[in-house]
Amino acid sequence: MKVDIIKEFKVKGEYITLSQFLKEESIISSGGQAKWYLQENSVFLNGVKEKRRGKKIRPDDQVKIADETYKFR
């Protein structure tokens, strides 16, 4: 039985872009990799598959990548 891991992520300011978040969590090493990563991997923002690296993530949003879920505060 798989159990999702839920991590909290504190947004500094009004929002963070999806590519900035992927970089901060060390999922990618540079912003240029975001486009490729989002094409090759399933990333869900609030339950909807997201492929836009500039998508704004705000407090109370939720991102799911593989078996990890991030809640934004």
Side-chain angles (χ1 to χ4, degrees):
M1 179 177 173
K2 276 189 167 182
V3 176
D4 282 355
I5 297 168
I6 298 176
K7 296 182 176 181
E8 285 200 2
F9 187 91
K10 175 88 172 123
V11 177
K12 299 171 190 103
E14 189 180 332
Y15 65 86
I16 186 170
T17 65
L18 185 52
S19 63
Q20 288 171 326
F21 165 70
L22 293 172
K23 253 179 30 181
E24 284 205 23
E25 283 297 300
S26 300
I27 295 169
I28 59 173
S29 57
S30 72
Q33 290 179 323
K35 185 176 182 180
W36 169 83
Y37 183 86
L38 293 170
Q39 288 175 348
E40 300 292 320
N41 299 276
S42 293
V43 175
F44 295 89
L45 174 60
N46 299 323
V48 177
K49 193 167 186 175
E50 187 58 66
K51 291 195 176 281
R52 297 172 289 178
R53 64 182 187 248
K55 180 67 177 168
K56 295 175 182 172
I57 304 171
R58 301 176 191 279
D60 296 324
D61 282 344
Q62 191 169 305
V63 170
K64 182 172 176 149
I65 302 171
D67 290 335
E68 294 188 335
T69 300
Y70 297 86
K71 289 190 177 186
F72 290 79
R73 303 279 174 237

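Position 1 is the first residue of the sequence, and the numbers go up from there.
Using modelled atom types, one side-chain atom of Glu50 and one backbone atom of Arg52 make a donor-acceptor pair closer than 3.5 Å.
Ion pair Lys71/Asp60 not flagged as a salt bridge, since none of the NZ, NE, NH1 or NH2 atoms sits closer than 4.0 Å to an Asp/Glu carboxylate oxygen.
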Side-chain donor-acceptor pairs under 3.5 Å in residues 6-18, sequence neighbours left out?
unit_1, atom_1, unit_2, atom_2, d
Lys7, NZ, Glu68, OE2, 3.4
Glu14, OE2, Arg58, NH1, 3.0
Thr17, OG1, Ser19, OG, 3.4
Thr17, OG1, Gln20, N, 3.2
Thr17, OG1, Gln20, OE1, 3.2

Can you give me every donor-acceptor pair (side chain of residues 40-49, partner residue at least two apart or in another chain, under 3.5 Å) with its distance?
unit_1, atom_1, unit_2, atom_2, d
Asn41, ND2, Tyr37, O, 3.0
Asn46, OD1, Gln62, N, 2.8
Asn46, ND2, Asp61, OD1, 3.0

Step-by-step side-chain contact (heavy atoms from CB on, under 4.5 Å) determination, Tyr70 to Lys64: CA-CA 6 Å; Tyr70 297 86; Lys64 182 172 176 149; over 6 Å; no
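To the nearest 0.5 Å, atom NZ of residue Lys23 and atom OG of residue Ser29 are 9.5 Å apart.
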